[in-house]
Amino acid sequence: MDGNIICIDELSSTSDSNVIPLPSKSWQPPTPPQSLCRLGSGTSVTLDCEGGIKAESRKLNPSKYKGVVPQPNGRWGAQIYEKHQRVWIGTFSEEDEAAMAYDIAAKCFRGQAAVTNFNQRSNTEDYDLEAAFLISHSKAEIVDMLREHAYYEELEQCKRKYVNANGDGKRVSMTEVLGDPSGPGRAAAACHLLFQKEVMQSDVGNLNRFVIPKQHAEKHFPLHNRSSPTTSKGTLLTFIDSGGKVWRFRYLYWNSSRSYVLTRGWSRFVKEKSLRAGDIISFHRSAGPEKQLHINYMRRSGLSQARPVHPVQKVRLFGVDIFQVSGTGGGVNCGGR
DNA sequence: CTTTGTGTTGAC
DNA sequence: TCAACACAAAGG
């Protein structure tokens, strides 16, 4: 891709031989430094007992930002810790981007008073809206947005809804705009089936992608519309499953196979749902102005499989419990108010 | 193939 | 809690 050359931060001190071109393929070891410079060094060389230069370990120059770690290819990762566990926030081209992603995660995990890399702007309306946006989403969901680089887009979308709602003369809070999925007044919005597809082995194999049949893709998920910024990298589709969980998939067209595919995010779905060849995936879109997309799955019908299968699959769809007995090929009806 | 992000370890 | 490092898993 863009062969980024990472430059050195001239940190600290006095005597640094600088300008260390980092992850370059044609890297030639410099004269072995007598003393390992501890900061910003690009490479360290170790001598083995025979005295030859045997191992050359790449040393990445650390980030000046909290929660940001260098990646071998010159990009930057962001991570935060909680309860002895690392939570990965994603990788970013720019160090500052990663630092900002960490800041958002920090505020999400630890509240507005969290220690962050950059100064907090205070008392603007945007600030309040973002705070409300954060507390009205789960940590997992915010992290997901950050990883997908979709956070700002989602935030802006949310702000627009808020402004529109209040423009109608109503006073509407941010949380009302967002809706409360677990609340009692949850709208059982009607939605209709877009299409279904039987899962192929290749959809759950190590290709980590799901092929959307061309006619369905072009009809329901057009790629070249006005709102999505072109790109061969495709776009992001956001779905909700029957449990209310949000799933984001990268959606694009592969020239090599001339097919429309869901890529990034798909393997997580396969893993969590334990999808297998023969299962049925169904896509729905809710009626009304929201046009929320839904994704659902059904276990493959047929009883003669040598696998432990739950005899009854309980699906909670839009607040309605649906029981599906395996062996019946019954479709899941969608919603209903 | 390239890139991501997990496993792991050891500091603070 | 945190980041450094190696490298297996995921992605295209």
Side-chain angles (χ1 to χ4, degrees), chain A residues 1-6 9 11 20 22-25 27 36-46 54-95 97-99 101-103 105-106 108-111 113-117 139-140 143-150 202-212 223 231-237 247-272 275:
Chain A
M1 308 285 185
D2 42 21
N4 273 349
I5 303 297
I6 301 307
D9 48 0
L11 265 187
I20 297 159
L22 223 67
S24 155
K25 296 215 166 166
W27 163 258
L36 302 171
C37 21
R38 25 172 267 99
L39 246 185
S41 157
T43 300
S44 71
V45 176
T46 62
K54 283 296 181 191
E56 176 184 328
S57 73
R58 286 239 146 68
K59 199 163 186 197
L60 303 162
N61 58 322
S63 173
K64 54 192 167 196
Y65 294 117
K66 183 175 170 61
V68 177
V69 292
Q71 291 293 99
N73 57 357
R75 287 164 60 87
W76 300 90
Q79 58 186 17
I80 190 171
Y81 286 81
E82 187 189 49
K83 182 54 191 165
H84 289 218
Q85 279 211 319
R86 170 179 48 201
V87 177
W88 189 254
I89 305 170
T91 55
F92 305 84
S93 293
E94 302 303 319
E95 193 177 1
E97 255 190 295
Y102 171 85
D103 285 1
C108 173
F109 279 57
R110 299 163 185 173
V115 176
T116 56
N117 290 295
K139 293 173 185 176
V143 167
D144 228 51
M145 294 179 200
L146 292 170
R147 284 174 76 145
E148 300 292 347
H149 297 189
S202 59
D203 290 323
V204 294
N206 57 12
L207 292 176
N208 298 311
R209 60 99 176 99
F210 177 80
V211 171
I212 298 182
L223 264 174
T231 83
S232 58
K233 301 164 95 73
T235 182
L236 212 66
L237 291 183
W247 294 90
R248 291 185 181 77
F249 304 117
R250 183 158 302 283
Y251 167 63
L252 48 76
Y253 181 73
W254 277 358
N255 288 308
S256 57
S257 55
R258 290 202 212 89
S259 55
Y260 294 87
V261 289
L262 301 178
T263 59
R264 172 177 282 257
W266 175 250
S267 64
R268 278 194 290 271
F269 187 82
V270 170
K271 188 183 294 182
E272 174 167 316
L275 281 188

Which heavy atom in [X] sits nearest to a heavy atom in [Y], and how many Å separate them?
{"X": "A:D103", "Y": "A:N117", "result": "OD1-N, 2.8 Å"}
{"X": "A:G77", "Y": "A:A98", "result": "O-CB, 4.2 Å"}
{"X": "A:R75", "Y": "A:S93", "result": "NH1-OG, 2.8 Å"}
{"X": "A:P70", "Y": "A:L60", "result": "CG-CB, 3.6 Å"}
{"X": "A:S63", "Y": "A:W76", "result": "CB-CZ3, 3.5 Å"}

Separation of [N] [atom2] from [X] [atom1] (nearest whole Å):
{"X": "A:W76", "N": "C:dA3", "atom1": "CH2", "atom2": "C1'", "answer": "12 Å"}
{"X": "A:Q85", "N": "C:dA3", "atom1": "CD", "atom2": "C1'", "answer": "16 Å"}
{"X": "A:W88", "N": "C:dC2", "atom1": "CH2", "atom2": "C1'", "answer": "13 Å"}
{"X": "A:Q79", "N": "C:dA3", "atom1": "CD", "atom2": "C1'", "answer": "6 Å"}
{"X": "A:I89", "N": "B:dG5", "atom1": "CD1", "atom2": "P", "answer": "11 Å"}
{"X": "A:N73", "N": "C:dA6", "atom1": "CG", "atom2": "P", "answer": "15 Å"}
{"X": "A:Y65", "N": "C:dC2", "atom1": "OH", "atom2": "C1'", "answer": "18 Å"}
{"X": "A:W266", "N": "C:dG11", "atom1": "CH2", "atom2": "P", "answer": "12 Å"}

Show me the donor-acceptor pairs within less than 3.5 Å that the side chains of residues 258-268 of chain A make with the rest of the protein, sequence neighbours left out.
residue	atom	partner	partner atom	Å
A:S259	OG	A:S257	OG	2.7
A:Y260	OH	A:E218	OE2	2.8
A:W266	NE1	A:D203	O	2.8
A:R268	NH2	A:E148	OE2	3.2

Within the structure provided, determine whether A:F210 and A:F269 are in side-chain contact (heavy-atom separation under 4.5 Å). no
Dump every N/O contact between nucleotides 8-11 of chain B and the protein below 3.5 Å, one line per pair.
residue	atom	partner	partner atom	Å
B:dT8	O4	A:R86	NH1	3.4

Of the listed nucleotides (C:dA3, C:dG12, C:dT1), which one gets closest to any side-chain atom of A:W254? C:dG12
With respect to the side chain of A:T263, which nucleotide from B:dT3, C:dC2, C:dG12 is positioned closest? C:dG12
I'd like the P distance from C:dG12 over to B:dT6, given in whole Å. 16 Å
What does A:R268 touch in the nucleic acid at a heavy-atom separation under 4.0 angstrom: a base, only the sugar-phosphate, or nothing? nothing
Taking the side chain from A:E95 and the backbone from A:V68, do they hold a donor-acceptor pair closer than 3.5 Å? no
Any donor-acceptor pair under 3.5 Å joining the side chain of A:Q71 to the base of B:dG5? yes
Contacts under 3.5 Å, N or O only, protein and nucleotides 7-10 of chain C:
none

Parallel, tilted or perpendicular for A:F92 and A:H149, by the 30°/60° rule? parallel
